[in-house]
Amino acid sequence: IGWHKADTEKTVMAALLAGVLISEQSDNSPQFGGAITYSRGRSEIDFSAFWRQGTGMMTDMKRYDLSWQYRLVPSVRPDWESVPEWYGVIELGARWMDEPSIPHQLTVGIQRLAGPLVLEGGVVMPVEGDADNQYIMSARYRF
């Protein structure tokens, strides 16, 4: 279920998510969550929260992510064509499971959007605990 409102100044989107994670052991786990996005000018803020009910061998899992993206290039989008865009990204998130628990993490990265293709990479730094930094890269196709 989703909702979307856009005008020339800003865009606001919200969605509720629900489903079932189906496993080979027939331990099907219901999942619920939501996401909201607010975009204005060169900035975008996203928040999502998600919960999975553990059943059988699956454990309960909760997570949240809060991110801010700032469009670095181009400073102004052209009206007549779609051009590649570069964004700086800062994200705070956490994951909780029965065991083990993953504490809060701060991710700093960069993202490139070129049509439906998104390339991104960043450094994931633990906010608490003694874990090492991790480096991530991903590619996805938006449709």
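Here the structure is a predicted model, which is why all the values come from computation and not from measurement.
- The shortest distance between side-chain heavy atoms of H104 and Y64 falls below 4.5 Å.
- The closest side-chain heavy-atom distance from D46 to Y38 is not below 4.5 Å.
- One finds the CH2 atom of W51 at 9.0 Å from the NZ atom of K62 (value rounded to the nearest 0.5 Å).
- The structure places CH2 of W86 at 5.5 Å from CD1 of I110, a figure rounded to the nearest 0.5 Å.
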Evaluate salt bridge (Lys or Arg N to Asp or Glu O under 4.0 Å) for E120 paired with R112, printing each intermediate quantity in order. CA-CA 6 Å; E120 50 197 357; R112 182 177 191 269; over 6 Å; no
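- Under the 3.5 Å distance criterion, the side-chain polar atoms of R142 are matched with a main-chain donor or acceptor of G115.
- To the nearest 0.5 Å, the span separating CD on E91 from CG on L66 amounts to 8.5 Å.
- A salt bridge is absent between D79 and R77: the closest approach of a Lys/Arg side-chain nitrogen to an acidic carboxylate oxygen does not fall below 4.0 angstrom.
- Side chain of R40 to main chain of S43: no donor-acceptor pair is present (N/O by atom type, distance under 3.5 Å, no hydrogens or angles).
- No donor-acceptor pair under 3.5 Å is formed between the side chain of R52 and the backbone N or O of Q31.
- Side chains of V73 and Y87 form no contact here, defined as non-hydrogen atoms less than 4.5 Å apart.
- Side-chain contact between M137 and L119 is absent, with no heavy atoms from C-beta onward closer than 4.5 Å.
- Checking R71, R42, Q111 one by one against E85, the side chain to side chain contact (heavy atoms under 4.5 Å, CB included) holds for a single residue, R71.
- At a threshold of 4.5 Å between non-hydrogen side-chain atoms, the residues Y135 and V124 do not count as touching.
- No side-chain N or O of Q105 forms a donor-acceptor pair with one of T107 less than 3.5 Å apart.
- Atoms OG1 and CE, on T11 and M13 in that order, are 6.5 Å from each other to the nearest 0.5 Å.
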